Amino acid sequence: MFKKTNKDILREELVDLCIESFKHRKGQKIDLLTLPSAWWNFEKILVKKLRESKESLFFYTTACEKNPKVFKLAASNMPRTDRSLKYDFSEKYQAQRLASNVSTLYYTDIFDYIRETNMTFDFVWLDLMTSLNHFDTKLHYLERCTKKDSLVSITFIKGRDGQKYVGKRKIIVVKMMASIGFDLILEADYYDTSPMIQLTFKRK
């Protein structure tokens, strides 16, 4: 029998937050930016819960993956409501791109994508299996790809990042996000092969 982990519970809580936050946007496209892993668990739970709630919301997901093996698996598991998939190469992002009618997957680093994109997103989930020192100088990119009232959730390893971060990871990230107009609204710790921290913010 399948048993929910802390990560499963947090993923479903983010789905619920996403639906609740945007239910006033019926008839409009709501743009998500995610790291989907091989299985697109968050995105598929979102679709399932939308059907159950009968909310007439349309979420379009843009996703990035830089690991070649994970990219191939993610490509084969992409959410779509028909059989059509378009494969091409994006000159703008210098990346392979695969698109369905409800999602687009880029073979690139998500921070490289954020740095270059002209799109703005309503919800961003940086579900990272890295420590803070791998992305702390890149968080400011989020200012250019998000809009008022957008949500950003950042998940990262609670360790492996040097003495200056010990006991201060939350404080450092909250301060960085506040500097670009985001308030912390949710926080959680859990264990998923390593101790993890998840911080969710809302843009003013």
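Quick caveat, the model's predicted, so the values are computed rather than measured. Just the heavy atoms: all of them, side chains too, but no hydrogens, waters or symmetry mates, feed the values below.
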Neighbour count above 12 (heavy atom, 6.0 Å) for Glu52 CD: yes

Check: Asp189 side chain, Pro195 main-chain N or O, donor-acceptor pair, under 3.5 Å: no

Minimum-distance pair of heavy atoms, taken over all atoms of Leu139 and Ile154: CD2-CD1, 3.8 Å

Asp122-Ser150 side chain donor-acceptor pair, cut-off 3.5 Å: no

Side chain Arg203, main chain Glu143, donor-acceptor under 3.5 Å: yes

Nearest heavy-atom neighbours spanning Pro79 and Ser103: O-OG, 3.0 Å

Side chain to side chain contact (heavy atoms under 4.5 Å, CB included), paired with Phe42, selected from Leu10, Val15, Thr61: Val15

Side chain Arg144, main chain Ile114, donor-acceptor under 3.5 Å: yes

Backbone of Ala38 reached by a side-chain donor or acceptor of Asn77 within 3.5 Å: yes

Side-chain donor or acceptor of Gln94 paired with backbone N/O of Glu91 under 3.5 Å: yes

Rounded distance [0.5 Å steps], CE in Met196 versus OG1 in Thr155: 6.0 Å

Evaluation steps, ring-ring contact (aromatic ring centres under 6.0 Å, His included), between Phe58 and Phe22: CA-CA 10 Å; Phe58 174 56; Phe22 300 116; over 10 Å; no

Exercise: do Thr108 and Arg97 side chains pair donor with acceptor under 3.5 Å: no

Distance-only polar pair, side chains of Glu65 and Tyr107, donor-acceptor under 3.5 Å: no

Between Tyr60 and Thr104: side-chain donor-acceptor atoms closer than 3.5 Å: yes

Heavy-atom pair of closest approach, residues Trp40 and Ala74: NE1-O, 2.8 Å

Any donor-acceptor N or O pair under 3.5 Å, side chains Thr117, Tyr93: yes

